[in-house]
Number of protein chains: 2
Amino acid sequence: MYHIDQRSPVPVYEQLARQIERHIVSGDLADGQKLPSIRELASTLRINPNTVVKTYRQLENEGLVSSRKGLGIFVSILGMDLEGSRDSLFAELTDEYVRKAAGLGMEGDQIVQGLTRRLKGEN
Amino acid sequence: MYHIDQRSPVPVYEQLARQIERHIVSGDLADGQKLPSIRELASTLRINPNTVVKTYRQLENEGLVSSRKGLGIFVSILGMDLEGSRDSLFAELTDEYVRKAAGLGMEGDQIVQGLTRRLKGEN
DNA sequence: ATTACTGTACTATAATAGTAATACAGTGGA
DNA sequence: TCCACTGTATTACTATTATAGTACAGTAAT
């Protein structure tokens with residue numbers, strides 16, 4: 001379901017939070033839907049339960065999920081501008097991509113060409 | 001010259017190393033060229049000299065630079081396949097970009113469209 | 001009530017990241 | 001020689017990240 005790279009300099013709880021955030025904003029996880037329990041997700045991903053707690057707490061602070069003791073963690077996006085959030089996140093991704101590619105000396109045409117080739121090769 | 005985001009979960013020494021790596025692989029920094037001294041770069045970026053040391057040491061371990069005591073840190077890419085490295089790094093960037101955008105529910109066409117719009121808007 | 005889930009809280013430990021300050025050694029120019 | 005730069009090394013301290021283990025409290029089905 002989710003993929004954690006232990007060698008990444010990005011903290012595990014952060015990797016996980018960003019992945020879940022994208023799943024929620026994409027509509028893949030609907031409002032009210034229950035997320036995996038802390039212990040279950042920790043077991044599946046082979047990480048510490050405390051790390052999952054940190055991930056869920058961060059998502060809760062961002063207003064994406066809400067927790068109910070004894071029940072679980074649930075997607076909570078009432079009245080959120082999902083499409084706006086999605087566009088915003090995508091714009092951030094694109095900015096980062098362009099900035100790094102530019103650092104490699106790539107021109108706009110080359111970037112688009114490389115991306116297109118990558119998409120044709122996989123999909 | 002280089003930009004450091006202190007709030008990023010990515011360690012400062014890692015951000016800096018990746019940026020310098022891209023500048024070297026792009027050919028922007030030629031072989032034998034001298035990099036800023038440890039103290040100078042630390043002062044400019046307002047980070048600790050030890051952090052710059054860590055960055056330079058990592059680049060040295062990757063074989064991109066070599067240090068000479070009393071002289072400085074120099075780009076050292078004799079016989080390296082720069083173009084291959086550049087393509088490889090760009091492929092990694094593209095993979096990450098596509099994977100994250102896909103997590104947002106974006107289709108290939110939408111990704112290319114969004115990227116194109118971003119490039120036309122800025123350049 | 002018992003059981004098995006759920007989230008929450010707490011302590012402890014270890015490794016990493018970053019800052020701070022100091023000292024030492026090599027290089028080259030005045 | 002002296003001076004100002006260079007990289008290198010060391011110690012100390014703080015905060016963050018991650019793991020580990022234990023305990024407590026709420027929910028629901030039996």
Side-chain angles (χ1 to χ4, degrees), chain A residues 1-21 24 29 31-77, chain B residues 1-21 24 29 31-77:
Chain A
M1 188 168 189
Y2 297 111
H3 177 256
I4 300 301
D5 180 6
Q6 292 282 1
R7 298 166 310 170
S8 169
V10 181
V12 173
Y13 81 92
E14 186 77 17
Q15 295 182 47
L16 186 54
R18 293 290 75 78
Q19 287 181 56
I20 296 177
E21 178 186 32
I24 292 176
L29 291 172
D31 185 86
Q33 192 164 340
K34 185 179 179 303
L35 295 179
S37 80
I38 291 173
R39 292 171 180 82
E40 181 192 348
L41 189 51
S43 173
T44 302
L45 299 178
R46 306 194 174 207
I47 60 181
N48 196 279
N50 295 332
T51 303
V52 180
V53 168
K54 202 167 184 180
T55 293
Y56 280 166
R57 186 164 299 156
Q58 181 159 323
L59 290 172
E60 193 170 19
N61 290 337
E62 296 171 7
L64 291 173
V65 306
S66 68
S67 70
R68 275 182 275 171
K69 198 190 266 187
L71 294 178
I73 310 277
F74 300 85
V75 178
S76 143
I77 46 177
Chain B
M1 189 170 188
Y2 296 110
H3 177 256
I4 299 300
D5 180 7
Q6 291 283 2
R7 299 166 310 170
S8 169
V10 180
V12 172
Y13 80 91
E14 186 75 18
Q15 295 181 48
L16 187 53
R18 294 290 75 79
Q19 286 181 58
I20 296 177
E21 180 187 31
I24 293 176
L29 292 171
D31 186 86
Q33 192 164 340
K34 185 178 179 303
L35 295 179
S37 80
I38 291 173
R39 292 171 180 83
E40 181 192 348
L41 190 51
S43 173
T44 301
L45 300 178
R46 306 196 173 207
I47 60 181
N48 197 280
N50 295 334
T51 303
V52 180
V53 168
K54 203 167 183 179
T55 294
Y56 280 166
R57 187 164 298 156
Q58 180 159 324
L59 290 172
E60 193 170 21
N61 290 337
E62 296 170 8
L64 291 172
V65 306
S66 68
S67 70
R68 275 182 274 171
K69 196 189 268 187
L71 294 178
I73 309 277
F74 300 85
V75 178
S76 143
I77 45 177

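Below, chains carry the letters A, B, ... as their sequence lines are ordered, and counting in each starts from 1.
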Participant: Below 3.5 Å, does any donor atom in the side chain of A:R68 face an acceptor in the base of C:dG7, or the other way round?
Facilitator: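 Result: no qualifying N/O pair found.
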Participant: Tell me if a side-chain donor or acceptor on A:Q15 pairs with a main-chain N or O of A:V10 at a distance below 3.5 Å.
Facilitator: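 Present.
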Participant: Of the listed nucleotides (D:dT19, C:dT19, D:dT6), which one gets closest to any side-chain atom of A:I47?
Facilitator: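 Nucleotide nearest to A:I47's side chain: D:dT19.
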Participant: With the side chain of A:Q6 defined as its heavy atoms from C-beta on, choose the nearest nucleotide among D:dT17, D:dT19, C:dT8.
Facilitator: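 Closest nucleotide to the A:Q6 side chain: D:dT19.
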Participant: Hey, does the side chain of B:R57 come within less than 4.0 Å of D:dA9's phosphate (OP1/OP2), counting only N and O?
Facilitator: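 For B:R57, the contact criterion (side-chain N or O under 4.0 Å from OP1 or OP2 of D:dA9) is met.
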Participant: Determine yes or no for a side-chain-to-main-chain donor-acceptor pair under 3.5 angstrom, with A:S43 supplying the side chain and A:R39 the backbone.
Facilitator: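 Looks like no, no N/O pair under 3.5 Å.
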Participant: Which nucleotide wins on minimum distance to the side chain of A:I38, given the candidates D:dG7, C:dG7, C:dG28?
Facilitator: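 Selected nucleotide: C:dG7.
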Participant: Which nucleotide, C:dT8, D:dT8, D:dT19, lies nearest any side-chain atom of A:K69?
Facilitator: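 Ranking C:dT8, D:dT8, D:dT19 by closest atom to the A:K69 side chain puts C:dT8 first.
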Participant: With a 3.5 Å cut-off and heavy atoms only, can you find an N or O donor on one side and an acceptor on the other between the side chain of A:N50 and the base of D:dA20?
Facilitator: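 Side chain to base: pair found, below 3.5 Å.
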Participant: Hey, is the side chain of B:T51 poking within less than 4.0 Å of OP1 or OP2 on C:dT19, counting only N and O atoms?
Facilitator: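 Yes, within the criterion.
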Participant: Looking at B:Y13, does any N or O in its side chain come under 4.0 Å of the phosphate oxygens OP1/OP2 on C:dG18?
Facilitator: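 The answer is no; no side-chain N or O of B:Y13 sits under 4.0 Å from OP1 or OP2.
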Participant: Picking from C:dT6, C:dG7, C:dA20, which would you name as closest to the side chain of A:S67?
Facilitator: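 Looking only at heavy atoms from C-beta outward on A:S67, the closest nucleotide is C:dG7.
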Participant: With the side chain counted from C-beta on, respond yes when B:N48 and B:V12 share a heavy-atom pair under 4.5 Å apart, and no when they do not.
Facilitator: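 Sidechains of B:V12 and B:N48: no contact.
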Participant: Taking only side-chain nitrogens and oxygens of A:K54, does any of them come within less than 4.0 Å of OP1 or OP2 of D:dT17?
Facilitator: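 So the side-chain polar atoms of A:K54 do come within 4.0 Å of the phosphate oxygens OP1 or OP2 of D:dT17, strictly under.
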Participant: By nearest atom, which of the nucleotides C:dA17, C:dG7, D:dA18 is closest to the A:V12 side chain?
Facilitator: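 For A:V12, the side-chain atoms sit closest to D:dA18.
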Participant: Between D:dT19, D:dA23, D:dT6, which nucleotide has the shortest distance from any of its atoms to the side chain of A:R39?
Facilitator: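 Given the options D:dT19, D:dA23, D:dT6, the side chain of A:R39 is closest to D:dA23.
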Participant: Heavy atoms only: give me the nearest B:S67-B:I73 pair and the separation to one decimal.
Facilitator: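 Scanning both residues, the minimum pair turns out to be CB-CD1, 3.3 Å.
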Participant: For a quick test of reading the model: is some side-chain N or O of A:Y56 closer than 4.0 Å to OP1 or OP2 of C:dG7?
Facilitator: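 For C:dG7, neither OP1 nor OP2 has a side-chain N or O of A:Y56 closer than 4.0 Å.
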Participant: Are A:R57 and A:E60 close enough for a salt bridge, meaning some N to O gap below 4.0 Å?
Facilitator: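 No, A:R57 and A:E60 are not salt-bridged.
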Participant: On DNA chain D, nearest-nucleotide positions of A:L71 versus B:S37: which is more 5'?
Facilitator: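 The 5'-side residue here is B:S37.
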